[in-house]
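Single-structure report; data block below.
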Amino acid sequence: MADQQKQVPEKPFPVVHRYITTHGPDGKPTFETGIKEEIDFERTPMGADLFLAYTGIEYPANLAHDSDLNTYKGHIAKKPESFMIPGGYLSRYIDYHPGAPPLWHRTATLDFGVVVEGEIQLELEGGERRSLKRGDVAVQRGTNHAWSNPSKTEFARVLYIALDAKAPVINGVELRESIGAVSHK
């Protein structure tokens, strides 16, 4: 008999909609209609569902001729290959499954993580931890860290906004991006 994957319970969260503004040919503000407003989360094997809310390849964003909007449409069709877009920015929702294991990583980014629903735990490589609840924000500045959902029964939803940054340099050593590596465990 084939192994069956653990069944993930239904999320109790409301559907998220994305509303993007632009300008019509007459210069009047309007909503973009070429991108679906109701979002679809992508289920991943790491115990989280992801949704890329918006992206750009340069900061400050180039709004002329809908340059940023056209870039984002390309990222909807073909997801960026890494967590961050060099020189750019992104916003992403992540729904953490109940009991999802932590994924250790460091990115050369300045991140703002806002807990929208549930509770999430942020652990730093040195062992320090903080529990964030609905409405709390974490400012993540290129440290090696892991997010995890401490609940065995409830989901947690976090909205992240990430800006590309220069990697931190500590005692002359540049702390580069890493996935899955942690020295204190």
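- With a 6.0 Å radius and a threshold of 12 heavy atoms from other residues, nucleotides or ligands, Lys78 has its NZ atom at or below the threshold.
- Residues satisfying the side chain to side chain contact (heavy atoms under 4.5 Å, CB included) test with Arg141, not counting sequence neighbours, are Leu110, Val139.
- Separating the CE atom in Met84 from the CG atom in Asp111 is a distance of 8.0 Å, to the nearest 0.5 Å.
- Heavy-atom minimum distance, Thr153 versus Ser151: N-OG, 3.1 Å.
- Within the hydrophobic cluster formed by Ile, Leu, Val, Met, Phe, Trp and Tyr side chains joined at under 4.5 Å, directly or through other members, Val114 is accompanied by Val137.
- Here OG1 of Thr109 is found 12.5 Å from CD1 of Ile161. Values are rounded to the nearest 0.5 Å.
- Side-chain atoms of Arg106 come within 3.5 Å of backbone N or O of Arg176 as a donor-acceptor pair.
- Chaining together hydrophobic side chains whose heavy atoms lie under 4.5 Å apart places Phe31 alongside Tyr19.
- Remark: Lys28 engages no residue in a side-chain hydrogen bond (donor to acceptor under 3.5 Å, both in side chains) (not counting sequence neighbours).
- With sequence neighbours left out, the side-chain hydrogen bond (donor to acceptor under 3.5 Å, both in side chains) criterion links Tyr72 to Arg18.
- Judged as a ring pair (Phe, Tyr, Trp, His ring centres under 6.0 Å), and not counting sequence neighbours, the contacts of His97 are Phe155.
- Proximity of Lys11 to Asp49: side-chain heavy atoms (C-beta onward) are separated by under 4.5 Å at one or more points.
- Taking Thr22 as the reference, Thr30, Glu32, Asp66, Leu69 meet the side chain to side chain contact (heavy atoms under 4.5 Å, CB included) condition, with sequence neighbours excluded.
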Item to check | From CA spacing to verdict: side-chain contact (heavy atoms from CB on, under 4.5 Å), Trp147, Ile94 | outcome: CA-CA 11 Å; Trp147 299 97; Ile94 300 182; over 6 Å; no

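- Grouping the Ile, Leu, Val, Met, Phe, Trp and Tyr side chains by contacts below 4.5 angstrom, directly or via other members, places Leu50 apart from Ile39.
- For Lys79, the side-chain hydrogen bond (donor to acceptor under 3.5 Å, both in side chains) criterion is met by no residue, not counting sequence neighbours.
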Item to check | Test log, rule side-chain contact (heavy atoms from CB on, under 4.5 Å), inputs Ile76 and Leu52 | outcome: CA-CA 8 Å; Ile76 291 172; Leu52 200 58; over 6 Å; no

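- The pair Glu119-Lys133 meets the salt-bridge criterion, since a charged nitrogen lies less than 4.0 angstrom from a carboxylate oxygen.
- Distance check, rounded to the nearest 0.5 Å: OG of Ser148 to CD1 of Ile120 gives 6.5 Å.
- Contacts classified as side chain to side chain donor-acceptor pair (under 3.5 Å) and involving residues 158-175 (residues at least two apart or in different chains) are given here: Tyr96-Tyr160.
- Considering only residues two or more places apart in sequence or on other chains, Thr55 meets the side-chain hydrogen bond (donor to acceptor under 3.5 Å, both in side chains) condition with His75.
- By the side chain to side chain contact (heavy atoms under 4.5 Å, CB included) test, Arg130 is found to be paired with Glu128, Leu132, residues two or more places apart in sequence or in another chain being considered.
- Residues Pro102 and Ala146 approach most closely at CB-CB, 3.6 Å, considering heavy atoms.
- Between the CG atom in Leu159 and the CZ atom in Phe51 there is a gap of 10.5 Å [rounded to 0.5 Å].
- Atom CG in Leu90 sits 13.0 Å away from atom CD1 in Ile57 (nearest 0.5 Å).
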Item to check | Worked verdict on Arg129 versus Glu123 for salt bridge (charged side-chain N to carboxylate O under 4.0 Å, His left out) | outcome: CA-CA 4 Å; Arg129 295 179 184 182; Glu123 183 176 356; 3.4 Å; yes

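- Remark: the backbone N or O of Tyr54 is paired with a side-chain donor or acceptor of Ser91 at under 3.5 angstrom.
- One finds the OG1 atom of Thr107 at 12.0 Å from the CG atom of Leu175 (value rounded to the nearest 0.5 Å).
- Considering only heavy atoms from C-beta on, Pro14 comes within 4.5 Å of Glu117 through its side chain.
- The two residues Leu122 and Ala138 have their closest heavy-atom pair at CD2-CB, 4.0 Å.
- The backbone N or O of Leu63 lies less than 3.5 Å from no partner atom in the side chain of His65, so there is not a single donor-acceptor pair.
- Here the shortest heavy-atom pairing between Gln121 and Pro150 reads N-CD, 4.0 Å.
- Residue Phe112 comes nearest to Leu163 through the heavy atom pair CE1-CD1, 4.3 Å, listed as atom of the first residue, atom of the second, then distance.
- Side chains of His145 and Gln140: a donor on one and an acceptor on the other come within 3.5 Å.
- By the ring pair (Phe, Tyr, Trp, His ring centres under 6.0 Å) test, Tyr93 pairs with no residue at all, sequence neighbours left out.
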